[in-house]
Amino acid sequence: MQPPPAQPPDLRPPTLPRLLIAASGTGGHLFPAIATAEQLADYQIEWLGVPDRLETKLVSDRYRLHTVKVGGFQQKLGLGTLKTLLGLMGSVFKVRKLLREGQFSGVFTTGGYIAGPALFAARSLGLPVILHESNALPGKVTRLFAPWCSTVALGFESATKYLKNAKTICVGTPVRSQFRSAPDPTALKDLAISKEAPLIVVVGGSQGAVALNQLVRQCAPAWFEAGAWVVHITGESDPDLRGLAHPHYRALPFYHNMAALFQRANLAISRAGAGTLTELAVTHTPSILIPYPFAAEDHQTYNATVFANAGAAILFRQSELTPDMLQNSVLTLLKERMRLDQMAERAAALAVIDSAEQTAQLVRDSLAPRSATMSKPGL
């Protein structure tokens, strides 16, 4: 009896394991997710978001984008609560179908409302979920769902005490690759800023900050008299975008190269979202932080306190801040160059430069057993 003929080797290229990233809404959720995705070229990545949010602009040209409608629960129970709950259940079934039919190996999420349906759907299928929490005070979604996650990656070590029933590891917050690149001396040519002048960069986060914008415009004339320039990122919803004109003033709703701006800045005036603070740390930028007073559970103040306690920033509460206080604090700092240098050093000490790589490796480690199974020929 002749032995069966030898089978030719399987020359089919291995299929990349598939990862669903659930991140939506603001830059604070999206940018760390994008930075992590940049380090996962060994995965086929698809994205889960919400219609008409920032991800439709930032993600859809890079990754296949799936959307579900999901919102947050209101403080008071009522018809709105029931509607939100029904919407959540519908989104869970839709994401579950996506994960099953797409043979995804797992989910990575940066929290927020979109994390709920992604996590419920993944866990119902036995898929691992890795959640990254950027804030010093974890959000309600993170605190509720953390015990269900395979791993919770943290931006601040101080967040650990709020998640005692979860597996946590502090990796910092991933930042986009351009923030880690060497400064490009030609990057800001379109703004025509004097090379010798001190530069103040004002930013209210990805959605802008009208109250902060108004405060800065009251103070700016005194800063101009001191020789400073101001680049003011106002956001898209500022009604006074053209309310101040000066040769040393640039008001823009958005700027495409925030990395170069922070690298060039002598001082930043900013809200205290975790993503922006990470960018300030990585670019060694001293800052005056004015946390958004209506942020959920005042979490921006928790973030800013970490930087203030480290000596990397000065913290002001918006309710206590007057134009004179802000104006004079900036003028004082511009005169005290040694103090600005010390603040820059202390900001740098807070940076986790390889956070994106660490977070990506957590994803690989969590998904590895299932990814290996899914990549076997015939499965």
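These figures come from a predicted structure and were not determined experimentally.
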[Y] backbone acceptor or donor facing [X] side chain under 3.5 Å:
X	Y	value
Thr67	Pro51	no
Arg123	Trp148	yes
Ser150	Val129	yes
Asn165	Pro147	no
Gln39	Thr359	no
Arg346	Gly311	no
Trp47	Ala23	yes
Thr36	Ala360	no
Thr109	Ala22	yes
Arg217	Gly243	no

So, taking the atom named [atom1] in [X] and the one named [atom2] in [Y], what distance separates them when rounded to the nearest 0.5 Å?
X	Y	atom1	atom2	answer
Ile130	Ile21	CD1	CD1	10.0 Å
Thr142	Tyr162	OG1	OH	13.5 Å
Glu133	His299	CD	NE2	8.5 Å
Leu334	Leu340	CG	CG	6.5 Å
Ser270	Phe262	OG	CZ	6.0 Å
Arg264	Asp184	CZ	CG	13.5 Å

Which heavy-atom pair separates [X] from [Y] by the least distance, and what is that distance?
X	Y	value
Tyr255	Ile233	CB-CD1, 3.7 Å
Val107	Ala118	CG1-CB, 4.1 Å
Ala121	Ser124	O-OG, 2.7 Å
Ala304	Ala272	CB-CB, 3.8 Å
Val171	Ser355	O-OG, 2.8 Å

[X] with [Y], same ILVMFWY side-chain cluster at under 4.5 Å:
X	Y	value
Leu252	Leu241	no
Ile314	Leu267	yes
Leu333	Phe224	yes
Tyr249	Ile288	yes
Leu215	Leu315	no

Give the ring-plane orientation class for His248 versus His246, where under 30° counts as parallel, over 60° as perpendicular and anything between as tilted.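 Because their plane-to-plane angle is over 60°, the rings of His248 and His246 count as perpendicular.
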
Give the ring-plane orientation class for Phe156 versus Phe307, where under 30° counts as parallel, over 60° as perpendicular and anything between as tilted.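 Rings of Phe156 and Phe307: perpendicular, as their planes differ by over 60°.
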
Could you tell me whether the side chain of [Y] reaches within less than 4.5 Å of the side chain of [X], counting heavy atoms only?
X	Y	value
Arg53	His29	no
Leu289	Leu277	yes
Gln327	Gln218	no
Val216	His232	yes
Ser134	Thr110	no
Arg180	Val175	yes
Tyr63	Leu19	no
Trp229	Ser194	yes

Does Asp61 CG have over 12 foreign heavy atoms under 6.0 Å away?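 For Asp61, atom CG is crowded (more than 12 foreign heavy atoms under 6.0 Å).
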
Is the count of non-hydrogen atoms from other residues, nucleotides or ligands lying under 6.0 Å from Tyr302 atom OH greater than 12?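 No, OH of Tyr302 has 12 or fewer neighbouring heavy atoms, counting only those of other groups under 6.0 Å.
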
With the threshold set at 4.0 Å, does a side-chain nitrogen-carboxylate oxygen contact exist between Asp298 and Arg317?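 Answer for the salt bridge query: yes.
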
Please name all residues satisfying side-chain contact (heavy atoms from CB on, under 4.5 Å) with Arg62, sequence neighbours left out, ordered by chain then number.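 With neighbours one apart ignored, the set is Ile34, Glu38.
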
Decide yes or no on side-chain contact (heavy atoms from CB on, under 4.5 Å) for Leu367 and Tyr43, but give the supporting numbers first. CA-CA 10 Å; Leu367 272 57; Tyr43 279 79; 3.8 Å; yes

Is there a donor-acceptor contact under 3.5 Å linking the side chains of Glu55 and Ser24?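 Yes - a donor-acceptor pair under 3.5 Å links their side chains.
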
Go through the steps for Arg96 and Phe120 under the test side-chain contact (heavy atoms from CB on, under 4.5 Å), then give the verdict. CA-CA 8 Å; Arg96 192 177 191 276; Phe120 278 127; over 6 Å; no

